There are 2 protein chains.
Amino acid sequence: MQRGRNVSKLTLQKVAELAGVSRSTVSRVVNHHPSVKPAVRQRVQKVIDETGYHPDPAARSLANQRSGIIGLVIPRVFQSLFTDPYYPRLMQGISQACNTHNYILSLFLFHTEDEEQKLTAKLLRQQLVDGIILSALPAGDPLVPQLIGSQMPTVMIGRPLEAQAISYVDVSNVDGADEAVAHLLKLGRQRIATITGPLNTTVGLDRRQGYRNALRNDDIAVDEALIVESDFTEAGGYQAARQLLEHRPDAIFAASDPMAMGALRALRDAGRRVPDDIAIIGFDDLPFAATAHPPLTTVRQPILRQGITAVEMLTDLLESGLRPTRQFTAPTELVIRQSCGANPKTHVDIDVNVRL
Amino acid sequence: MQRGRNVSKLTLQKVAELAGVSRSTVSRVVNHHPSVKPAVRQRVQKVIDETGYHPDPAARSLANQRSGIIGLVIPRVFQSLFTDPYYPRLMQGISQACNTHNYILSLFLFHTEDEEQKLTAKLLRQQLVDGIILSALPAGDPLVPQLIGSQMPTVMIGRPLEAQAISYVDVSNVDGADEAVAHLLKLGRQRIATITGPLNTTVGLDRRQGYRNALRNDDIAVDEALIVESDFTEAGGYQAARQLLEHRPDAIFAASDPMAMGALRALRDAGRRVPDDIAIIGFDDLPFAATAHPPLTTVRQPILRQGITAVEMLTDLLESGLRPTRQFTAPTELVIRQSCGANPKTHVDIDVNVRL
DNA sequence: TTGCATTTTGGGAGCGCTCCCAAGAATTTT
DNA sequence: AAAATTCTTGGGAGCGCTCCCAAAATGCAA
């Protein structure tokens, strides 16, 4: 009935016998415990290499009460965004760092409310995963307080909406947006509109704040009609841009690249030229931004790096006990292409892969 | 030193004491074993619900020799594709089905060759994951034979290149491509080119085969100059299309949507009109296809369903022992929009979300 | 009521590892 | 050279669960 258990399994005990030492000594070698005589260590290591021994993760987990697994949790609300390349990129970074630090990465996508409940309860029981990386959440989500209450080591991607005693990795959304809009102002644009992300998320709020900061910095009154809330998607950007068109903006700052693409499409459908009639700047610098038509000026954020940093913060937390929470905010960088009208000569930049 | 273990942990034993029964009985209740008197079962269940008891996964794994984890393995070669929405979609399907069947999903992305080696060895040792879902591999990859040799239950996404005793979930790439090209022929296109995927993958080969089949079916000689190999990416499609332009095609069948987008861009840069001068059909029906300019005619494949099916085949395998391998090939569907020139009136279809 | 078959329950053993403690070996000190 | 100290090593116990077997409880027929 046991599948594939033809060869009797290799255990610490067996390796120990082969090397002529005890279980404990092998365990010490495996775990790089210092107090093993070099000669013995070498002999044991040789047996390990020759036999291809790997400790049984379940037994190990049971004995030392940790699973060696990091859980990446992406809540339901963000499922719709899941098809945008942001998440894959983030996951790549997270996965890479997990490998480096010898953790297994498990993925928890919540699909229904029911599932969310059940899975959350399981996750919080401390034995399934050692720690959690949590993608940003909308306001009022009960998950964050639950996590804090449960003592589960957690690092959030993106600052939580309500200030919380929790570690997170963020990007300078406010300043990035500010810089983008300032750039448009410098280019002489007068009526700059913005398509925001959902305003129940910090990302949405922060990028709008940056927009406001830039205008205020130039003593320009904010026209609320030029601010439209959307949902980070292409379709959302399209709708929002249509709506904005009535108010005759001469530039649009979209809080995400997909929305910028949607806006681009809306403008094209409406017969407006970009950047001549209306300039556009996005946010993210996703791969397609460079090859959009026209190539999209956008605020680059180091997505891969964010993932890596999140894992490193978490493993730090796991390996050194619960210490004060930490925060990290990565800088953004304005990538000037053609859609903002600053750079009409340059041709499409091809270095899509040089991004971190 | 134990983080957060303030409350002494809830074990089978404790639950048993609370319910006034033995460990074994509680275990039976938890595992839905039939031989428990209804009254007792109810009493135990009540305690479980009230205390919020969940069995410790590590202990469980150790005792019954399975981890309850399904590993999704995506090899290095496909990392570059990882930013295209195909994988997220697939993962969504896989994750959903894993939840339904009570498995944990772990993600294994190989980043370097070294990592690939190390992780593979670990994976094959049978105790880390119960089974593996393997995304398609290029020719000659040693992973498939290794997996077969190791007795690790595996389901591949996409048929393996060399026929192997392995289960897989595929889509009808040949027929899908055939249908697309036949459609172009029916519309009167004469010089139909194709941008293929990598020809060391079945997907690449199959879709090219479909292209050939369609031409042969119309007694049209295949002009090898009209076949350019690429890599499924936007940038690759762009390059390939530039190359094809010299041979004056009046239609291009691109074996993936990103390549179709690249081709679209190349044509625009070259001043060609789509579909008037050149028609284009893609493959995948990724979300952006509907909102491309012009909206992309493409071959839809049920990505989410593929993921679900893969998991179901795997859990079947896991729960009923190793039985003969199985294969499943999902149908494709030609989605006609504007880029093929068949449908110049229709407007952008918005039902991006109705896709399975 | 007794005897037998059948359900239901309890407890021992064991999954493979880590941790602790004590025993043994090696090293240093006097 | 013996004693004190330190470094290595081995083995027991236990992590929390499942599985098996035997004991207890129940049901049924005679």
Side-chain angles (χ1 to χ4, degrees), chain A residues 1-5 7-45 47-48 51-68 102 122 125-128 130, chain B residues 1-3 5 7-45 47-48 51-68 122 125-128 130:
Chain A
M1 212 46 49
Q2 295 280 38
R3 63 202 146 64
R5 180 110 331 103
V7 184
S8 91
K9 207 196 294 174
L10 207 51
T11 67
L12 256 199
Q13 184 63 54
K14 296 227 178 68
V15 174
E17 282 160 18
L18 287 172
V21 294
S22 75
R23 234 174 12 161
S24 305
T25 301
V26 180
S27 172
R28 289 188 189 98
V29 172
V30 170
N31 295 297
H32 305 103
H33 193 289
S35 74
V36 178
K37 259 213 290 217
V40 178
R41 176 184 300 279
Q42 205 165 20
R43 181 152 44 95
V44 172
Q45 188 61 53
V47 175
I48 292 177
T51 55
Y53 168 76
H54 283 263
D56 180 315
R60 200 174 232 194
S61 296
L62 181 59
N64 63 18
Q65 298 289 60
R66 47 232 218 67
S67 61
N102 268 303
K122 258 168 117 178
R125 279 221 75 234
Q126 216 89 20
Q127 23 249 12
L128 198 49
D130 291 342
Chain B
M1 210 52 39
Q2 296 278 36
R3 62 204 147 61
R5 181 113 327 106
V7 184
S8 92
K9 207 194 295 172
L10 208 50
T11 67
L12 256 200
Q13 184 62 54
K14 297 230 178 65
V15 175
E17 281 160 17
L18 287 172
V21 294
S22 76
R23 233 173 6 150
S24 306
T25 302
V26 180
S27 172
R28 289 188 189 99
V29 172
V30 169
N31 295 298
H32 305 103
H33 194 289
S35 74
V36 178
K37 259 213 294 221
V40 177
R41 175 183 301 278
Q42 205 166 21
R43 182 152 43 95
V44 172
Q45 189 60 54
V47 175
I48 292 177
T51 55
Y53 169 77
H54 285 263
D56 180 316
R60 197 175 235 190
S61 297
L62 181 59
N64 63 18
Q65 299 289 57
R66 46 232 219 67
S67 61
K122 258 167 119 180
R125 279 220 76 232
Q126 215 90 18
Q127 23 250 12
L128 198 49
D130 291 343

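All figures in this text were calculated on a predicted structure; none of them were measured in a lab. Residue numbering restarts at 1 for every chain, and letters A, B, ... go by the order of the sequence lines.
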* To do: Please state whether the phosphate of dT18(D), meaning OP1 or OP2, lies under 4.0 angstrom from any side-chain nitrogen or oxygen of Ser27(B).
  => yes
* Asked: Quick one: is dC17(D) close enough that its OP1 or OP2 comes under 4.0 Å of any side-chain N or O from Gln13(B)?
  -> no
* **Side-chain donor or acceptor of Arg23(A) paired with backbone N/O of Ala16(A) under 3.5 Å** => no
* At under 4.0 Å, does any side-chain N or O of Tyr53(B) touch on OP1 or OP2 of dC17(D)? -> yes
* Hey, does the side chain of Ser61(A) come within less than 4.0 Å of dC17(C)'s phosphate (OP1/OP2), counting only N and O? -> no
* To do: Tell me whether the OP1 or OP2 atom of dG16(D) has a side-chain N or O from Lys9(B) closer than 4.0 Å.
  => yes
* Decide yes or no, distance alone: a donor-acceptor N/O pair under 3.5 angstrom between the base of dT18(D) and the side-chain of Arg23(B). => yes
* Asked: Ser35(B) near the nucleic acid: base, sugar-phosphate alone, or nothing, with a heavy-atom cut-off under 4.0 Å?
  -> base
* Asked: What does Thr11(B) touch in the nucleic acid at a heavy-atom separation under 4.0 angstrom: a base, only the sugar-phosphate, or nothing?
  -> sugar-phosphate
* Is it the case that more than 12 heavy atoms not belonging to Gln42(B) sit under 6.0 Å from its CD atom? -> no
* Map Leu12(A) and Pro38(B) onto DNA chain C by nearest heavy atom, then report which one ends up closer to the 5' terminus. => Pro38(B)
* Would you indicate, yes or no, if dT18(D) has its OP1 or OP2 atom less than 4.0 angstrom from a side-chain nitrogen or oxygen of Asn31(B)? => yes
* Asked: Starting at the 5' end of DNA chain D, which residue's closest nucleotide do you reach first, Arg60(B) or Lys37(B)?
  -> Arg60(B)
* Side-chain N or O of Ser24(A) less than 4.0 angstrom from OP1 or OP2 on dT18(C)? -> no
* Asked: So does Ser22(A) reach the base of dG11(D) with its side chain, donor to acceptor, closer than 3.5 Å?
  -> no
